Amino acid sequence: MPSRLYLKLVAAFLGVLLLGAVLTVVLTRRATRLAFGTYTERSAQAWAQRLAPVLADYYQRTGSWEGIDMFLHMAEMWPRGRMGQGMMGSESGHMMPLQPTLLGRVLAQRLVLVDASGRVVLDTQGLWEGQSAPAEALALGAPIRVGNSQVGTLLVLPAGVTGAATLESEFLRAVNRAVLGAVIIASVAALIIVALIVYRIIAPLRRLQRAAQAIAKGDLSQRVPVATQDEIGAVSLAFNEMATSLERAEKARRQMVADVAHELRTPLAVLQANLEAMQDGVLPMDSEQIRVLNDQVQLLNRLVADLRLLSLAESGHLTLEKQPTELLPLVQKVTGQFEAAAAQKAIHLEIIAPDNLPALPLDAQRIQQVFANLLDNALRYTPEGGNIRIEITPDPHAHKVTVAVNDTGPGIPREDLPHVFERFYRADKSRARSRGGSGLGLAIVKQLVHLHGGEVRATSPIYTDPSGKGYGTRLEFTLPILPRT
Ligand code: ATP
Ligand code: MG
């Protein structure tokens with residue numbers, strides 16, 4: 001089935017062709033009329049000038065215009081072949097090779113002879129015969145002189161509808177035939193060109209359409225070939241990029257669902273197993289067992305809350321309530337909450353910060369959560385007797401403040417560093433699971449810091465300084481300072 005674009009292209013081509021043809025015909029007709037008109041007029045006058053002496057010769061010989069029509073008719077029957085050889089020569093007498101009537105016809109013109117009194121004695125078309133010629137026609141005629149006196153006037157006039165008009169219309173018919181031929185040839189060429197264009201434009205468009213339909217049906221592996229560098233090629237390229245990003249997003253979504261299901265399964269399985277054991281009397285229903293169950297419920301609760309926060313932040317639906325906030329008191333407050341846990345592991349907590357910290361535009365609750373997540377990790381991974389050092393460093397030139405949490409834990413292997421901010425990522429899977437981490441903490445940190453316009457960074461100095469004196473892990477985030485106005 002020919003496509004609509006195909007039909008439009010064919011119609012456009014044929015339309016332009018037709019317009020060209022019509023314009024050619026109209027303009028040729030006008031130009032031909034003009035040229036023929038001028039030519040007829042000029043040659044009429046020239047012929048009148050050239051014929052006049054011949055007629056004068058006749059008058060001189062006969063003394064009147066009597067018999068002039070016979071003379072001209074006889075002349076008509078003279079051999080054609082001698083025409084144009086010297087129509088004015090007089091040495092060969094009155095039988096000179098002149099064919100006025102014939103000439104008149106060839107030229108498609110009308111000869112009118114007017115005598116000295118102004119009366120028409122001859123009209124090859126018989127229109128004015130016996131009448132007096134109109135003065136304006138006489139003025140254009142060639143005077144016929146014998147000696148010093150004018151014996152008549154010769155008018156050569158356009159023959160009206162016949163003659164020149166026939167020649168002209170014949171010429172125009174030829175032009176029309178040529179134009180028609182050109183239109184037919186050009187139409188065939190247009191169809192071939194359109195077929196080529198269709199091949200080059202519509203074929204890739206069709207491929208795009210099919211691929212888009214397949215994607216709509218869920219086949220995200222669809223790609224189209226990018227054959228050209230033109231707009232179609234650009235569209236194909238953009239289409240492929242879109243398909244790739246759709247495929248990636250779909251993959252991420254599936255991974256996310258799988259991860260969430262996986263994370264929920266463990267605490268749910270523990271809950272179920274413990275409840276069943278209690279039901280069967282295998283486990284006592286005492287406060288210790290209830291504490292275990294409650295822990296699992298809390299874990300589930302935290303997991304769901306983290307997921308919700310993360311999905312809100314990632315989809316841009318988390319609105320921050322930013323207010324100018326002093327950073328140091330905030331950090332001190334959160335650190336205070338972790339002091340008991342630190343004391344249990346004999347971990348030394350220290351905060352290093354300058355006095356002149358500027359107030360920052362923060363959502364205090366969210367930044368507390370960011371900092372708590374970092375401190376929670378540090379405490380979790382730092383062995384007993386270790387050290388956690390919190391550094392706050394303003395950088396007025398870069399308009400930011402950096403908050404870093406350094407610990408003396410085992411560090412994060414180089415190959416894991418780029419991934420620790422991904423959700424559900426755990427550098428050491430078995431160990432992290434045994435300690436209850438689900439791998440969402442740093443993903444949340446990253447989202448919340450980005451929402452504040454800051455950056456996150458994880459480094460492991462212990463791997464770059466293997467002397468063992470460096471810190472195990474350094475996790476830092478920046479917060480922008482509003483430029484002073
Ligand atoms: P969650 O925070 O959701 O309870 P988690 O702590 O395992 O779980 P993240 O906070 O996102 O998850 O950390 C991701 C991974 O990065 C951790 O599993 C751990 O392997 C590694 N990691 C993070 N902080 C440290 C640290 N201070 N020292 C060593 N490894 C760390
Ligand atoms: Mg964590």
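Since the model is a prediction, treat every value here as computed from it, not as a measurement. Each ligand, and each atom within it, is numbered from 1 in the order the structure gives.
Each of the following atoms of ligand 1 lies closer than 4.0 Å to a heavy atom of Leu442: 9 (P), 10 (O), 11 (O), 13 (O), 23 (C). Of all the atoms in ligand 1, the ones that sit under 4.0 Å from a non-hydrogen atom of Tyr425 are 14 (C), 15 (C), 18 (O). Residue Gly441 has at least one heavy-atom neighbour below 4.0 Å for each of these atoms of ligand 1: 1 (P), 2 (O), 3 (O), 9 (P), 10 (O), 11 (O). Of all the atoms in ligand 1, the ones that sit under 4.0 Å from a non-hydrogen atom of Arg302 are 1 (P), 2 (O), 3 (O), 4 (O). Contact atoms of ligand 1 toward Arg426: 18 (O), 20 (O) (distance under 4.0 Å to a heavy atom of the residue). Taking every heavy atom of Val420 and a limit of under 4.0 angstrom, the matching atoms of ligand 1 come to 14 (C), 16 (O).
Close N/O approach between Gly439 and ligand 1 is found [any backbone or side-chain N/O within under 3.5 Å]. Between Asp306 and ligand 1, no N or O atom pair is found at a separation short of 3.5 Å. Checking only distances, Asp376 never comes within under 3.5 Å of ligand 1, N or O to N or O. When only interatomic distances are considered, the shortest N/O to N/O separation between Leu475 and ligand 1 does not fall below 3.5 Å. At under 3.5 Å, not a single nitrogen or oxygen of Ile412, backbone or side chain, sits near a nitrogen or oxygen of ligand 1. Among the atoms of Ser438, some N or O lies under 3.5 angstrom from an N or O of ligand 1. Residue contacts with ligand 1: Leu440 is placed with a nitrogen or oxygen under 3.5 Å of a nitrogen or oxygen of the ligand (distance criterion only).
For Thr382 (side chain) and Leu379 (main-chain N/O), no donor-acceptor pair under 3.5 Å exists by modelled atom type. A side-chain donor-acceptor contact under 3.5 Å links Ser460 to the backbone of Ile412. For Asn240 (side chain) and Val224 (main-chain N/O), a donor-acceptor pair under 3.5 Å exists by modelled atom type. Without hydrogens or angle criteria, Thr325 side chain to Gln323 main chain gives a donor-acceptor distance under 3.5 Å. Judged by distance alone, the side chain of Asp280 and the main-chain N or O of Val282 form no donor-acceptor pair under 3.5 Å. With hydrogens and angles disregarded, no donor-acceptor distance shorter than 3.5 Å links the side chain of Thr408 to the backbone of Gly386. Of the possible polar contacts, none joining the His452 side chain to the Leu362 backbone as a donor-acceptor pair under 3.5 Å is found.
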Problem set entry | Worked check of side-chain contact (heavy atoms from CB on, under 4.5 Å) between Ile367 and Leu448 | CA-CA 7 Å; Ile367 293 303; Leu448 292 180; 5.8 Å; no
For this session: Please lay out, stage by stage, how Leu309 and Gln447 fare under the test side-chain contact (heavy atoms from CB on, under 4.5 Å).
Result: CA-CA 9 Å; Leu309 179 65; Gln447 288 297 327; over 6 Å; no
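Only the side chain of Asp407 comes within 4.0 Å of ligand 1, counting heavy atoms alone; its backbone N, CA, C and O stay farther away.
Heavy-atom separations between Arg380 and ligand 1 include at least one value shorter than 4.0 Å.
Screening the protein for N, O or S atoms under 2.8 Å from the Mg ion (ligand 2) yields 1; no waters enter the count.
For Glu350 and Arg389, the salt-bridge test passes: some basic side-chain N is under 4.0 Å from an acidic carboxylate O. The existence of a salt bridge linking Arg426 and Glu263 is confirmed by a sub-4.0 Å separation between a basic side-chain nitrogen and an acidic carboxylate oxygen. Between Lys400 and Glu455 there is no salt bridge, since no side-chain nitrogen of the basic residue lies less than 4.0 Å from a carboxylate oxygen of the acidic one. Taking 4.0 Å as the cut-off between side-chain N and carboxylate O, Arg254 and Glu250 count as a salt-bridged pair.
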